[in-house]
**Q** 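Please read through the structure below; I'll follow up with questions.
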Amino acid sequence: MSINALIDLLPKTELHLHIEGTLEPELLLVLAKRNNVTLPYGSVEEVRAAYEFENLQDFLDIYYQGMSVLIEERDFYDLTMAYLEKVHGDGVRHAEIFFDPQAHMERGVSFDTVVAGIASALEEAGRQMDMTSKLIMCFLRHLTQDAAFEALDCACKHKDTIYAVGLDSSEAGRPPELFSDVFAKARAEGFVAVAHAGEEGPAAYVETALDNLKVSRVDHGNRAFDDPLLIARMVRDKVPLTMCPLSNLRLKGIPDLSAHPVKRALDAGLVATVNSDDPSYFGGYINDNYKQVAAAVGLDETDVIKLAKNSVTASFLADTNKQSLLEKIESQVASWRKDI
Ligand code: HPA
Ligand code: ZN
């Protein structure tokens, strides 16, 4: 059996996934009709044709436009359930999912509506598919820290549902330290912290995400490779990176997939993971990311198994749950070896 068959079989977690970025063109058009939202597209083909991006901002403009069809609780439920059903077939057994409440609140959709829709799908998936999950609320870094404090106030009423806070949206010129105070308050309230850093911004942003925001994981982190001392620090401190190869390719952070740093990250001893970011927009879900980057940079079976194991160790699961998922990986690997 091929390495692709191994990728399909491996139990894994997904740790870098924006739920609004899973909105497939088909569902986008269904929800636009259901909610009487006018979009500049008449067909699925027209929507897909618009998904050509020069950089992160180009993508974000389309991403925020797309989410304008999400209005009712059931829209968020349908969106989340569609993603969970899809990746259950990819071997995803645990997902840590980002959402962007500020982008919905500024359109008049309440925080509670968003959380209720997403959380009920997560609960349903727990019951029906034995999938576990955690929810990560992102602050939009193109907005002010005051706006982030308002989102945090809302999150504090949902501590049973929201596990961590993150930082996403436009990175250039918006360093993590602009959000030091709101992250300090979030951590004091008991939320774990993560942040997008080094996607388009410099290695220094990865450093301040660690120093000022005290993040437990770095989302993307590609530009950290410009600073060998920073990489050495992240290896020493076992700071996981949630990497997203197809996203980096489609947003032109790398000229082609063979330039992706995931192999470098593994070889350096980093806790690197592979994830999908916004799969509907970037042309592939988690297994597509594993397979395409494996072919492009030459990952072997040891690398792929390591990535799946890293996805478990880098997760926010309790140690006993990590242990049982790691054992499931071992037993799948053993049966894959028997078949080759
Ligand atoms: N980067 C930053 N912000 C985002 C992304 C991303 O890839 N996707 C959704 N929000
Ligand atoms: Zn992201």
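The structure displayed is predicted, hence computed values, not measured ones. Counting starts at 1 for both ligands and their atoms, in listed order.
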**Q** Could you tell me the residue and atom name of the protein heavy atom closest to atom 8 (N) of ligand 1, and the distance to it rounded to 0.1 Å?
**A** D278 OD2, 2.7 Å
**Q** Any salt bridge between E96 and R217, counting N to O under 4.0 Å?
**A** yes
**Q** Return yes when atom NZ of K252 has more than 12 non-hydrogen atoms of other residues, nucleotides or ligands closer than 6.0 Å, and no otherwise.
**A** yes
**Q** Which residue and atom name correspond to the protein heavy atom nearest atom 6 (C) of ligand 1, and how close is it?
**A** E199 OE2, 3.6 Å
**Q** Please list, in number order, the atoms of ligand 1 under 4.0 Å from a heavy atom of L56.
**A** 1 (N), 2 (C), 6 (C)
**Q** Angle subtended at the Zn ion (ligand 2) by OD1 of D277 and NE2 of H18, to 10 degrees?
**A** 90°
**Q** Would you mind finding which of H18, E171, E200 brings a heavy atom closest to atom 5 (C) of ligand 1?
**A** H18
**Q** The test is ring pair (Phe, Tyr, Trp, His ring centres under 6.0 Å); show your working for Y51 and F282 and say whether it passes.
**A** CA-CA 8 Å; Y51 293 176; F282 301 145; 9.0 Å; no
**Q** Run the ring pair (Phe, Tyr, Trp, His ring centres under 6.0 Å) check on H158 and F111 step by step: do they pass?
**A** CA-CA 10 Å; H158 293 272; F111 191 97; 5.5 Å; yes
**Q** Is it true that D219 lies under 4.0 Å from ligand 1, counting heavy atoms only?
**A** no
**Q** Against heavy atoms of F59, which atoms of ligand 1 measure under 4.0 Å?
**A** 5 (C), 8 (N), 9 (C)
**Q** Is H16 close enough to the Zn ion (ligand 2) to have an N, O or S atom under 2.8 Å?
**A** yes
**Q** Counting C-beta onward and ignoring hydrogens, is there a side-chain heavy-atom pair between R337 and V333 closer than 4.5 Å?
**A** yes
**Q** Does the residue S169 have a heavy-atom contact with ligand 1, meaning some pair of atoms that are separated by less than 4.0 Å?
**A** yes
**Q** Just do the ring pair (Phe, Tyr, Trp, His ring centres under 6.0 Å) check on F316 and Y163 with the steps written out, would you?
**A** CA-CA 9 Å; F316 296 134; Y163 186 80; 5.5 Å; yes
**Q** Among all the protein's non-hydrogen atoms, which is closest to atom 7 (O) of ligand 1, and how far away is it?
**A** D277 OD2, 2.8 Å
**Q** Is it true that K306 and D267 have a side-chain N and a carboxylate O under 4.0 angstrom from each other?
**A** no
**Q** Is the distance from the Zn ion (ligand 2) to some N, O or S atom of H220 under 2.8 Å?
**A** no
**Q** Taking the six-membered ring for Trp, is the centroid-to-centroid distance between F139 and F183 below 6.0 Å?
**A** yes
